[in-house]
Amino acid sequence: MKVLICVSNLLVDEPGLVFGGKLARSLHADISLLHVISDKREPAGQEKGDVLLREASSILSDFPVKTILQWGDVVNQINKEAERGNYDMVVISVSKIGEGRQPTSSVHRSLLKNLPCCLLVVKNPRAEIKRILICTGGFQMSESLIAVGADIASASSSEATLFHVAANVPTMYTGLKTIEETLQELLMTDTPVAKHLRRGAEILAESNLQAELKLRHGSAVYEIVREIDRENYDLVIIGASGANTMIKEWIFGNLTQDIVDAVGIPIMVVNQVRAANRS
């Protein structure tokens, strides 16, 4: 496995660097650090970039890293390096500190549309990963997503919660106070949601994980954020889906982007095609 951690400004990026480094170590992944100089006319750009990468490497001094310095548009260079290096994950940090010098929301929005691998957006990271929320979506497509979540939970010795949000409450549940009251009964049916959750639990069990299953009905963004607010999660995992063209985004919106923007903790967006091909 190969992980690419983007470094722009250590004041902003150090928490993400540490978080991404720990996750990469737990997965026994090779780590590369990338710094992109956007302005070729910047005085001493090469020297500053080399110093920044050396300082970043020293933070991960107990783990061998490769450093890469590139020039050009930040998003284009990250995409090119991710493709060229055949990486499994790209890590960027998002913070309100020094926002003009880092991969900001506009950068990760662009990366979500085209990045050929998983993207970890680090926000307000904690020291350790102890609880992971795995958010499923499109049934069969989500199996690779759940497998990635299982790998991370197993490697980091974390608890995992399998979380599914259905758009509407079926008429058979109308009048019930909470959908959680019917979860065990639902799992005994042959409905698509029940089959999906049972299969998800099987995938997690194959990694010796006894995950908690949760089901909600309503807005995916609202329910995911509400679940995070109610529980003490350290990482959220979702799938890359939805609007991959401007027309689709205008008509349907971009659910993945909305979730990434709304969640205030580290969130991994899994490229499910890449994950499935590697399984």
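In what follows, residues are counted from 1 in the order of the sequence shown.
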Side chain to side chain donor-acceptor pair (under 3.5 Å) evaluation trace for Asp50 with Gln46: CA-CA 6 Å; Asp50 288 338; Gln46 172 86 42; 3.2 Å; yes

Passing candidate, side chain to side chain contact (heavy atoms under 4.5 Å, CB included) with Ile237, options Leu133, Thr136, Ile132: Ile132

Which atom of Ser57 lies closest to which atom of Val65, heavy atoms considered: OG-CG2, 3.5 Å

Joint hydrophobic cluster, Tyr222 plus Ile228, side-chain heavy atoms closer than 4.5 Å: no

Closest contact, heavy atoms only, Leu115 versus Ala82: CD1-CB, 3.9 Å

Smallest separation among heavy atoms of Gly16 and Val122, with atom names: CA-CG1, 3.6 Å

Carboxylate-amine/guanidinium proximity below 4.0 Å for Lys80 and Glu83: no

Pairs involving residues 1-10, ordered by first then second residue, that meet salt bridge (Lys or Arg N to Asp or Glu O under 4.0 Å) (sequence neighbours left out): none

Considering all heavy atoms, the nearest Leu209-Ala150 contact: CD1-O, 3.6 Å

ILVMFWY cluster, Met1 and Leu120 together (side-chain gap under 4.5 Å): yes

Pairs flagged by side-chain hydrogen bond (donor to acceptor under 3.5 Å, both in side chains) wherever residues 19-30 is involved - sequence neighbours left out: Arg25-Asp62

Closest heavy-atom pair and its distance - Ala211, Leu204: CB-CD1, 3.1 Å

Spacing of Ile92 atom CD1 and Cys6 atom SG [to the nearest 0.5 Å]: 7.0 Å

Full working for side-chain contact (heavy atoms from CB on, under 4.5 Å) between Leu111 and Asn79: CA-CA 7 Å; Leu111 291 173; Asn79 276 316; 3.9 Å; yes

Basic-acidic side-chain contact under 4.0 Å: Glu206, Arg199: yes

Leu33 and Leu60: CA distance, side-chain angles, deciding distance, side-chain contact (heavy atoms from CB on, under 4.5 Å) verdict: CA-CA 10 Å; Leu33 304 180; Leu60 302 177; 4.2 Å; yes

Residue pair Glu231, Thr161: steps toward the side-chain contact (heavy atoms from CB on, under 4.5 Å) verdict: CA-CA 10 Å; Glu231 303 290 347; Thr161 297; over 6 Å; no

Residue list, side-chain contact (heavy atoms from CB on, under 4.5 Å) with Arg126, at least two apart or on another chain: Asn232, Asp234

Closest non-hydrogen atom pair between Tyr87 and Cys117, with its separation: O-CB, 3.1 Å

